[in-house]
Each structure stands twice: as C-alpha cells, then as structure tokens.
Number of protein chains: 2
Amino acid sequence: MESPEEQNYLSHIAYDSVIFGFSGEKLKILIMEYHNTGWYALPGGFVRLNEDLNKAVRRGLKERTGLDNIFLEQFYTFGDVSRYNPEIMKTILTQSGYLSDSTTWMLDRFISVAYYALINYNDVVPKPDELSDSIGWYEIDALPDLMLDHNEIVARALQTLRDNLERKLVGINLLPEFFTMKELQLVYEAILGEKLRRTTFQRKILSLGILKRHEKRFSGMANKAPYLYSFNRS
Amino acid sequence: MESPEEQNYLSHIAYDSVIFGFSGEKLKILIMEYHNTGWYALPGGFVRLNEDLNKAVRRGLKERTGLDNIFLEQFYTFGDVSRYNPEIMKTILTQSGYLSDSTTWMLDRFISVAYYALINYNDVVPKPDELSDSIGWYEIDALPDLMLDHNEIVARALQTLRDNLERKLVGINLLPEFFTMKELQLVYEAILGEKLRRTTFQRKILSLGILKRHEKRFSGMANKAPYLYSFNRS
DNA sequence: TATTATTGTCTCATATTGTGACAATAATAA
DNA sequence: TTATTATTGTCACAATATGAGACAATAATA
C-alpha cells in the first residue's frame, strides 16, 4: 500500500499465515483483529508484481513479528469461490479508511496460499498492520471465530504440523536454544494433543542423535536437576 | 477460450497437473507437446472467474483423460518470479494461432498450483488441448526436458507421492479392480524406486486388513496361480 | 512322472516400542 | 544431620514389528 496511485500487487493472489508459538504448556497462534469490525483473521497479505511468492510471505512475517529466517512452510492453497465475499473486504477497507480507487482490486476474488511458521514465542512482540488494531496470541484450542475459511485453514495447518512432526525437528523452532527433555516433550504433546510416555519419548529422541547435552539446570525445585539440551546444528 | 471477446479466467492463476499412471513395471506421467515448438510441458490450465480451483483442475483432467472422479491432490504452489517468461508463452500462442487481444492476459506472470492425480493407465486415451499437438505417457525416470520449472514440479509430485504412500492407499487408484499381490508390490516398488522383500510386503499389506481375497488367476504360466485381490471399499 | 517358476505361509533372529521399576539427585522439612 | 518429596536418568523385561530365509503347494511343461 506504499504507492496509492497504482496497483503494486498481483491481483487474485493472497497469502495467509498460521504462526505457531509455544508458551508454557500450550501451542498458540497469532490472530489479528480488524479495525472496528470485531472480525478476527489470520495475518495475511499480497504479492508484489516482481516478488517471489515465498519472499512475499517472509516479508509479511518480518513486518508482523520482526523475525527473519524463521521456519516457514507452504501447506495448501485455498481457491473455492465461496471464499469470495466483497462485502466483508469492503467493510474492512472502509473501517480502516483505505477504501479508494487504488484498493478496489482488493474487493476482487482471491485465491490464498496458506503457510505455517514456527517461532520462538519469547522472541516476538507482534505488530498489527494498517488494517488491524490488534494482533495477539490465542491458544490453538480456544480460538475465536475467524473470518471466511480461516478456521479451516488453521485446522489444516495443525494437521500438517502433526504429520510433519517426525520429519522436521519442530522443537528447534519453537524452543529457546537450551531446553530440558521435559520442555521438549511438552512441545510434542501440545502439537499431537495427547500425552506421551516419558521414558519412551526420552529414549526415542536421544536415539535420533540430534541433541547435545549440556550442564544441568538448577531450578530451585525440590528434585533432581534436569540436563539442558540443544539441537545439533548439522 | 470459448469466448474470444472477453477474459473468462482469473489472471495470474494457473494450475499444472502431474498425472501418474502405472503400466507393466513402470510409473509414468502424461506430458504434452506444444504445436511447432518442440517444447514439452505438464498438462495445465486456468480457473474460470466463477469456478472453484479444485473444480477447474478436475475439469481439465476430464478434458485430457475423459475420467471423472479420479484421485487428485494438491501438493504445492509455485510462485517464483523466475517462472515468468512471456516470450515462451507468446511463442506457444503464436504457433497455435491463438495470439490475440483476448489472450494477452496469458502473457502475464502466473502463479501455478500443482496437483497430482492417480489414474488407471488402461482406462485412458489422452487427448491433447488446443495448444498442443500431442499428449502421451513418459516413464518417470526417462522424462524429456520440460518447460520452465516443470521438471521440478514433477520431482516434488513424486516426493509427495512417496511420502503419502503409506497413508493413502495409492494402489486403489493405479490398479484395475482385481490384481495380484505381485502387481501391487510392483506399484509400490515403482513409486519408491526400490525393491521390496516379497514376504515382508505381503505380510504387511495383509495385516492392514484392506484387501479382500478372491478366486485365483490362472495365467497359463508354469507355476502356482496367485490369488486375486480387491480393495475393501469402506 | 519329473521339472520349473512362483506363490502362500511359517519360523527364527533382530529391532523397536510399551511399561514399570529403581536409584540418583536437589531442595525442604523434621 | 537426617528423613521426605518430586522429578530425572537408566535399566530390565514384555510385547510388537520387521528382516531374512526355508519350505511346501501348486500350474504348466518336458
């Protein structure tokens, strides 16, 4: 929207991002709220005429989270006609004061490429964009009703994350550099939505040879201090 | 292209399809050749203004293969700027006699949603579209050089198919209704690109409880006749 | 009737996972 | 100092799953 006189973005193409973070024992995602509408939505955006699709998404993520180089993966492209609802977009633009000749292209039909990202919750102070007045973390199993098909997008993102859990070293992106075995297990449990057996989990993870063991962490609790681990960057 | 006076399709959005079939011992895909260019490409198409993305792809598949109701799954959306090559598209349209005011939108940049399909090789007589003079089967490991990033699209389709092999009952789509254990194993081997152990494979598949055993097939070969199986439609 | 190629099934060895037991702490309470 | 408590790191054993080969049962042919 930096040049109000001409359309700098590809028409009909948008992206939406499901940004996962882990805090305490819960998996959360970032949700925005549009100005004066009460409507919640996933952070999204458009692709510049001369910009790679993947780059556009990273740009948007950087603007929203301040983070570069985060884990980001495309998982599905939503293209049903039923996504097309010009009235909703019109209201959003109107309420933000952005409805004009230069933004009418936004009222057209869009096909949206959906991505999910994994970030370290504590590294981030989310920033809203021009159209929204807030952005914040919501627990994955206590989301508000989202606009259009965004709840479905989240469901599919979570399913993809689960399917990829074994293959993609998910923890490396959701945890700080040093963490305990217990913390890693909590991440897995939050994603899978089920309890795991401590001994089996520990043996399995250690057998993968992807963890490096460091000194113990003395937590002040009345129990044996756990080792800290980090991921073996290969 | 049925109405030459106006643009009936969404701009900037295309799809490409990797259509797998299995014949003998080889996995194959359908490749088209454009008129008078020597260029090979995946079958693709555009989305009508008022059409679901998935429906558009099924429509294209129907036109190319005559088949309805086939296994079809989206796997990635390709959106790099480097895909943008108006000269190539211009040549294709020119050679087909389709270059005109009503087709200039095709010279624009496109983001392509890629799908893979699984079909029963013997059910199909492929038909070329307006822009191409041939469409035919090519073995997956003996493909010609394809246009743009189409070789990369195929590679990714194959990887997705491998990743999904366990979860999606692939054989059901690539084989006729009745088949032997050996034939099913050949499908798995062709997809994975490696030999499997006969006894282990048989035990594994049977333990899934998805196969129904029928009478034996007498092949005329000098050996024990194998049972025929079909998939348990659930 | 013997021979040949292939199939269906079994057995045993090996690897992986489920489940519980237990000793080793690190703080706190007695 | 000495129990007590909660949690952690490991081990042991059972239950399953998988790898690898053996072998008998065919269906045609010699």
Side-chain angles (χ1 to χ4, degrees), chain A residues 22 24-25 162-167 169-171 175-232, chain B residues 22 24-25 162-167 169-171 175-232:
Chain A
F22 181 77
E25 304 192 351
R162 281 179 183 160
D163 291 346
N164 289 344
L165 188 53
E166 318 268 290
R167 282 178 285 163
L169 298 193
V170 163
L175 288 169
E177 184 176 1
F178 297 101
F179 51 87
T180 65
M181 190 60 69
K182 175 89 177 176
E183 287 164 345
L184 183 57
Q185 185 177 342
L186 286 172
V187 169
Y188 273 70
E189 290 178 342
I191 291 173
L192 294 174
E194 61 181 322
K195 290 284 174 196
L196 300 177
R197 197 157 269 271
R198 185 178 61 93
T199 52
T200 308
F201 178 78
Q202 183 142 341
R203 177 177 50 192
K204 181 79 176 177
I205 292 288
L206 288 176
S207 77
L208 296 178
I210 55 175
L211 293 186
K212 195 166 158 189
R213 180 179 281 182
H214 302 272
E215 74 287 4
K216 295 183 170 190
R217 172 200 282 172
F218 293 84
S219 61
M221 295 286 100
N223 53 37
K224 187 170 177 177
Y227 288 109
L228 285 174
Y229 294 89
S230 67
F231 285 96
N232 266 331
Chain B
F22 180 77
E25 304 193 352
R162 282 178 183 162
D163 291 347
N164 289 344
L165 188 53
E166 318 268 290
R167 279 179 287 160
L169 299 194
V170 163
L175 288 170
E177 184 176 3
F178 297 100
F179 50 88
T180 65
M181 191 60 69
K182 174 91 177 175
E183 289 165 343
L184 184 58
Q185 184 176 344
L186 285 173
V187 168
Y188 274 70
E189 289 177 340
I191 291 173
L192 294 174
E194 61 181 321
K195 289 284 174 199
L196 300 177
R197 196 157 268 275
R198 185 179 62 94
T199 52
T200 309
F201 178 78
Q202 183 143 339
R203 176 176 51 190
K204 181 80 176 179
I205 293 288
L206 287 177
S207 77
L208 295 178
I210 55 175
L211 292 187
K212 193 166 158 187
R213 179 179 282 182
H214 302 272
E215 74 285 6
K216 296 184 172 192
R217 173 198 284 170
F218 293 85
S219 61
M221 295 287 99
N223 52 37
K224 187 171 177 177
Y227 288 109
L228 286 173
Y229 294 89
S230 66
F231 285 97
N232 266 329

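Numbers restart at 1 for each chain; the letters A, B, ... are given by sequence-line order, proteins then strands. Given the structure is predicted, the values throughout are model-derived calculations rather than measurements.
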Original post:
Looking only at heavy atoms, which two atoms of B:Gln185 and B:Leu196 are closest? And how far apart?
Top reply: NE2-O, 3.0 Å
**OP:** Sort and list the pairs that fulfil salt bridge (Lys or Arg N to Asp or Glu O under 4.0 Å) and have at least one residue in residues 186-196 of chain A, not counting sequence neighbours.
**Re:** A:Glu189-A:Lys195
**OP:** Indicate for each nucleotide in nucleotides 14-19 of chain C, in 5' to 3' sequence, whether protein heavy atoms under 4.0 Å reach the base (B), only the sugar-phosphate (S), or nothing (-).
**Re:** ---BBB
Original post:
Which parts of residues 218-229 of chain A get close to DNA chain D, meaning a heavy atom less than 4.0 angstrom away?
Top reply: A:Ala222, A:Asn223, A:Lys224, A:Pro226, A:Tyr227
**OP:** To the nearest Å, give me how far apart CZ (B:Phe201) and C1' (D:dG19) are.
**Re:** 16 Å
Original post:
Stepwise, does the ring pair (Phe, Tyr, Trp, His ring centres under 6.0 Å) test hold for A:Tyr188 with A:Phe22?
Top reply: CA-CA 10 Å; A:Tyr188 273 70; A:Phe22 181 77; over 10 Å; no
**OP:** Using whole Å, report how far NZ of A:Lys216 lies from P of D:dT7.
**Re:** 16 Å
Original post:
Just how far, in rounded Å, is C1' of C:dA5 from CZ of B:Arg198?
Top reply: 11 Å
Original post:
Going by number, which of residues 179-194 of chain B have a non-hydrogen atom under 4.0 Å from DNA chain C?
Top reply: B:Lys182
Subject >> B:Leu196 CG - D:dA20 P separation (whole Å) >> reply: 12 Å
Subject >> Pair listing, salt bridge (Lys or Arg N to Asp or Glu O under 4.0 Å) test, anchored in residues 197-217 of chain A, at least two apart >> reply: A:Glu183-A:Arg217
Original post:
Would you say the base of D:dG9 and the side-chain of A:Arg213 have a donor-acceptor pair closer than 3.5 Å?
Top reply: no
**OP:** Determine the minimum heavy-atom distance between B:Ile210 and B:Ile205, stating which atoms define it.
**Re:** CG1-O, 4.4 Å
Subject >> Atom-pair distance (NE2 on B:His214; C1' on C:dT7), nearest Å >> reply: 18 Å
Original post:
So, is B:Gln202 close to the C:dG8 phosphate, meaning a side-chain N or O under 4.0 Å from OP1 or OP2?
Top reply: yes
**OP:** Fill in the dot-bracket string of DNA chain D, one character per base: . for unpaired, | for a pair to another strand, ( ) or [ ] for pairs within the strand, taking Watson-Crick or G-U pairs under 3.5 Å.
**Re:** ||||||||||||||||||||||||||||||
